[in-house]
Amino acid sequence: MRVIEPHIHMIARTTQDYERMAQMHTVACCEPAFWAGYDRTSAQAFHDYFTHLTEFEPKRAAQYMIKHYCYICMNPKEAEDLALSREVISFIPDFLAKDNAVGIGEIGLNRNTPNELTIFEEQVDLAIKMDQLLWLHTPHLNDKLKGTKMMLDSLKNRSDIKPEKVCFDHIEEHTLDMVLEAGYWASMTIYPTTKNSPPRVVDIIEKYPGAKLMVDASGDWGPSDPATLHQAIFEMRRRGHGEKELQRIFFDNPYSFLSQSPKFKL
Amino acid sequence: MSKDNSSGLSGKALLDLYYHDVRSHLLEAAAAFDRFERAGLDPANEPRLQKLREIAAIVYDLQPNRAKRFLEALSYE
Ligand SMILES: [Zn+2]
């Protein structure tokens, strides 16, 4: 079975991780733009980062026959600075023109502040105007429920949004219903302690048959591992699910979402 | 949303599969409370431990959607 990893930060991973992913049958991965672990000191630093995502990573992935795609954005953690954010947003269209850029992401909220919401809405507007996919970051831990509601409320004001082109990520049991009921895609991130475990992900897949669900490992420089995606595949197998259902979750669903971008080709 | 449980495994098979995981997670929680108490924290008064005691009750109550209610109880308004 071929696997698509819909959310991973390969900039934080070694080339050996690409090799392991390839050996586990990952054929494509998507890298949203995010926080670097420290606040960048200028718009130029973001420019360099976006250049890395659109030039260096696709080449590194190609050595292992993995297609590398990315989303470009001002991430929520650094969006508190409105002037810096707007300077960064001004050159996002240049990077959306690159071959492997399929949309805007991961935008969203971090501490659920008014400035974060402003920059979220300005980037949603850009995505709608440029007809781009949107990959949305929902806040961590105790802020997740409120932040997810705030983002859903904000999107309600956009009658011109296409919900099928929007995915809410880092979804857990308490945020899933509201996202699916609004018609959006939902992705579940497997993280050892702070997000989902493989058994909980499979619980949700079983409770919502046929729903617009994806699973991602979201590997970055924190405690995480690209192989958690494949642990979830194994968890589904040992829970008695057949290959057809496995393929639906780990290949067909991300394929359906991503191939709404004409650039996504496997 | 339509919801049903489409796991291919029987209840007994699921319990066999996860019993030791669940036992181990509960034991870790019990040992951690002992550890905090030995270090002088009072589980009845320390706010985060008090919150954990509250949500631990959700784990063994007899209502559905325990994971969802657990996460909701920890969410900021
Ligand atoms: Zn991420």
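A, B, ... follow the sequence lines: proteins, then strands. Residue 1 opens every chain.
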**Q.** Gap between atom CG of A:Asp203 and atom CG of B:Leu14 - 0.5 Å precision
**A.** 8.5 Å
Q.
If we define contacts as heavy-atom pairs under 4.5 Å, which of A:Met236, A:Arg200, A:Lys149, A:Glu235 has the most with chain B?
A. A:Glu235
Q: For residues B:Leu9 and A:Arg239, report the shortest heavy-atom separation together with the two atoms involved.
A: CG-O, 3.4 Å
Q) Do B:Leu17 and A:Arg238 have side-chain heavy atoms sitting under 4.5 Å apart? A) yes
Q.
With a 6.0 Å cut-off (strictly less than), is the heavy-atom count around CZ of A:Arg111, excluding the residue itself, greater than 12?
A. no
Q | Heavy-atom pairs under 4.5 Å with chain A, option from B:Leu71, B:Leu74, B:Asp21 with the top count | A | B:Leu71
Q.
Can you confirm whether more than 12 heavy atoms, excluding those of A:Lys212, are under 6.0 Å from its NZ atom?
A. yes
Q | Any donor-acceptor N or O pair under 3.5 Å, side chains B:Lys51, A:Asn142 | A | no
(Q) Less than 4.5 Å to any heavy atom of chain A: does that hold for the side chain of B:Phe70, its backbone, both, or neither? (A) neither
Q) What distance separates B:Asn65 CG from A:Asp177 CG, expressed to the nearest 0.5 Å? A) 8.0 Å
Q: Using a 4.5 Å cut-off on heavy atoms from C-beta on, say whether the side chain of B:Lys68 contacts that of A:Thr175.
A: no
Q: Mind checking the CD-NE2 spacing from B:Glu72 to A:His174? Nearest 0.5 Å is all I need.
A: 7.5 Å
**Q.** Neighbour count >12 (heavy atoms, 6.0 Å) for atom OH, B:Tyr76
**A.** no
